[in-house]
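All heavy atoms count here, side chains included; hydrogens, waters and symmetry mates do not. Predicted model only: the values in this text are computed from it and were never measured.
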Amino acid sequence: MRITPSILSADFANLQRDIERIPSSDALHIDVMDNHFVPNLTLGLPVVEAIRAITQHMLDIHLMIADPDRWAPAYAEAGAESVSFHVEAAHAPIRLARELRALGARASLGLKPATPIEPYLDILGEFDQILIMTVEPGFGGQRFLDAMLPKIRRTREAIAARGTDIWIQVDGGVSESTIDQCIEAGADTFVAGSAVFGAEEPDAMVQALRAHGDKFGRCAH
Ligand code: DX5
Ligand code: ZN
């Protein structure tokens, strides 16, 4: 299992310092918001490029933006290893996923809470990861929506039936008190923003979250 802290809850005036506080993380989850797809504005390509220059961490970009078809490839070109875009915003998700992969990035499909996985089961193979939002996208620190657990479970079953290795990432309200349900439902990649950066020792929290997976006796699905 992978723990991917969201730097949305880091100190934006001290991003490098905060990134250096989580050496145990498997990737940095970077939330890009455009104030159109979601009612919040965060950061964009120049900041991602600046982060790329100061860290070897895998960069896991989460685009919460309109028209990802136009903007997403540049993040892959900037050296991000994974790029998530939302299916609700994409005009041609298959074409975009193939473009991202051709640029060497993992292609990841994001689903808002009210978006079911079923319409996309036939195109799962176009993706390396499915990002299941467990809060409405836009802000950190919201409460985990346990109504998403059946969707995680059905997505895991569909991936297992295909016999392919597609990661299931959960994002929103993940903490020590909610991660077990997500693991049990079949998620293997966990975003945590406020839980990690709100902790006194962020890296110890990354390790504590990962230890929940060990408890279940699985490293990955
Ligand atoms: C919300 C973002 C999340 C956010 C999670 O739209 O996509 O990545 O940072 O924050 P927590 O873990 O605090 O819910
Ligand atoms: Zn996110």
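Pairing each heavy atom of Arg156 with each of Ala185, the nearest pair is CB-O, 3.9 Å. Taking each heavy atom of Phe127 and Ser108 in turn, the nearest pair found is CD2-C, 3.9 Å. Residues Gln142 and Phe139 share a closest heavy-atom pair of NE2-O, 3.0 Å. Residue Met133 comes nearest to Leu131 through the heavy atom pair SD-CD2, 3.5 Å, listed as atom of the first residue, atom of the second, then distance. Heavy-atom minimum distance, Ala72 versus Leu63: CB-CD1, 3.4 Å. Between Asp69 and Ala92, the shortest heavy-atom distance links the atoms OD2-N, 2.9 Å.
Counting only distance, with no hydrogens or angles, the side chain of Arg106 and the backbone of Ser84 share no donor-acceptor pair below 3.5 Å. Side chain of Ser175 to main chain of Ser177: a donor-acceptor pair is present (N/O by atom type, distance under 3.5 Å, no hydrogens or angles). Side chain of Asp188 to backbone of Ile168: a donor-acceptor contact under 3.5 angstrom is found. Looking only at distances, a side-chain donor or acceptor of Lys151 sits under 3.5 Å from a matching main-chain atom of Thr115.
For Thr42, the side chain to side chain donor-acceptor pair (under 3.5 Å) criterion is met by no residue, not counting sequence neighbours. Residues passing the salt bridge (Lys or Arg N to Asp or Glu O under 4.0 Å) test with Asp11 are Arg17, sequence neighbours excluded. Every residue meeting the side chain to side chain contact (heavy atoms under 4.5 Å, CB included) condition with Glu118, not counting sequence neighbours, appears here in chain and number order: Pro116, Leu121, Arg154. Residues satisfying the side chain to side chain contact (heavy atoms under 4.5 Å, CB included) test with Arg70, not counting sequence neighbours, are Asp67. The side chain to side chain contact (heavy atoms under 4.5 Å, CB included) check on Ala102 picks up nothing, with sequence neighbours excluded. For Asp18, the side chain to side chain donor-acceptor pair (under 3.5 Å) test picks out no residue, with sequence neighbours left out. For the side chain to side chain contact (heavy atoms under 4.5 Å, CB included) test, residues two or more places apart in sequence or in another chain that qualify with Gln181 are Phe144, Asp146, Leu149, Thr178. The side chain to side chain donor-acceptor pair (under 3.5 Å) test applied to Glu99 returns no partner, not counting sequence neighbours. Not counting sequence neighbours, Thr134 has no partner by the side chain to side chain donor-acceptor pair (under 3.5 Å) test.
A 6.0 Å sphere centred on CD of Glu176 holds more than 12 heavy atoms belonging to other residues, nucleotides or ligands. For Arg98, the CZ atom is loosely surrounded, since the number of other residues' heavy atoms within 6.0 Å does not exceed 12.
Rounding to the nearest 0.5 angstrom, the gap separating the CG atom in Leu209 from the SG atom in Cys182 is 10.5 Å. If you take CD1 on Ile132 and OG1 on Thr155, they are separated by 3.5 Å, rounding to the nearest 0.5 Å. Note: His212 NE2 to Ile183 CD1 = 7.5 Å, rounded to the nearest 0.5 Å. Atom CZ of Arg21 sits about 9.5 Å away from atom CG of Asn14, to the nearest 0.5 Å. Rounded to the nearest 0.5 angstrom, Leu43 CG and Leu8 CG are separated by 8.0 Å. Between the CD atom of Gln16 and the OG1 atom of Thr55 there is a distance of 9.0 Å, given to the nearest 0.5 Å.
Annotation for Trp167: hydrophobic cluster partners, listed by chain and number, are Met58 (ILVMFWY side-chain heavy atoms under 4.5 Å, direct or chained).
Looking only at side-chain heavy atoms (C-beta outward), Leu96 and Pro73 come within less than 4.5 Å of each other. Counting heavy atoms from C-beta outward, Ser82 and Asp128 have side chains that stay 4.5 Å or more apart. Side chains of Pro113 and Met148 form a contact here, defined as non-hydrogen atoms less than 4.5 Å apart. Between Tyr120 and Leu111, some side-chain heavy-atom pair lies under the 4.5 Å cut-off. Residues Ile7 and Ile51 meet the side-chain proximity criterion, which asks for heavy atoms closer than 4.5 Å. A 4.5 Å side-chain heavy-atom check between Ile65 and Trp71 finds at least one atom pair inside the cut-off. Side-chain contact check for Pro93 versus Glu126: every heavy-atom pair is 4.5 Å or farther apart.
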Hey, mind stepping through Leu28 and Leu15 against side-chain contact (heavy atoms from CB on, under 4.5 Å) and telling me if it holds?
CA-CA 11 Å; Leu28 301 177; Leu15 274 181; over 6 Å; no

Go through the steps to decide whether Tyr75 and Leu100 satisfy the test side-chain contact (heavy atoms from CB on, under 4.5 Å), and finish with yes or no.
CA-CA 9 Å; Tyr75 290 85; Leu100 292 170; over 6 Å; no

Criterion side chain to side chain donor-acceptor pair (under 3.5 Å) on Gln169 and Thr4, from CA distance to verdict
CA-CA 9 Å; Gln169 183 175 56; Thr4 61; 3.3 Å; yes

Stepwise, does the side-chain contact (heavy atoms from CB on, under 4.5 Å) test hold for Arg210 with Asp26?
CA-CA 10 Å; Arg210 191 178 289 115; Asp26 295 288; 2.8 Å; yes

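Under the 4.5 Å side-chain heavy-atom criterion for Ile, Leu, Val, Met, Phe, Trp and Tyr, Ile166 and Ile94 are members of the same hydrophobic cluster. By the rule that hydrophobic residues join a cluster once side-chain heavy atoms approach within less than 4.5 Å of another member, Val135 and Leu109 end up as members of separate clusters. Grouping the Ile, Leu, Val, Met, Phe, Trp and Tyr side chains by contacts below 4.5 angstrom, directly or via other members, places Leu41 apart from Leu45.
Using a 4.0 Å cut-off between charged nitrogen and carboxylate oxygen, Arg52 and Glu81 count as a salt-bridge pair.
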Output side-chain donor-acceptor pairs under 3.5 Å for residues 189-200, partner residues at least two apart or in another chain, one line each.
from   : atom 1 : to   : atom 2 : distance (Å)
Thr189 : OG1    : Arg2 : NE     : 3.1
Thr189 : OG1    : Arg2 : NH2    : 3.4

Side-chain polar contacts of residues 29-38 - donor-acceptor pairs under 3.5 angstrom, sequence neighbours left out - could you list them?
from  : atom 1 : to     : atom 2 : distance (Å)
His29 : ND1    : Asp60  : OD2    : 2.8
His29 : NE2    : Asp31  : OD1    : 2.9
His29 : NE2    : His62  : ND1    : 3.3
His29 : NE2    : Asp171 : OD2    : 3.2
Asp31 : OD1    : His62  : ND1    : 3.1
Asp31 : OD2    : Ser6   : OG     : 2.7
Asp34 : OD1    : His36  : N      : 2.8
Asp34 : OD1    : Phe37  : N      : 2.8
Asp34 : OD2    : Ala66  : N      : 2.7
Asn35 : OD1    : Asn40  : N      : 3.3

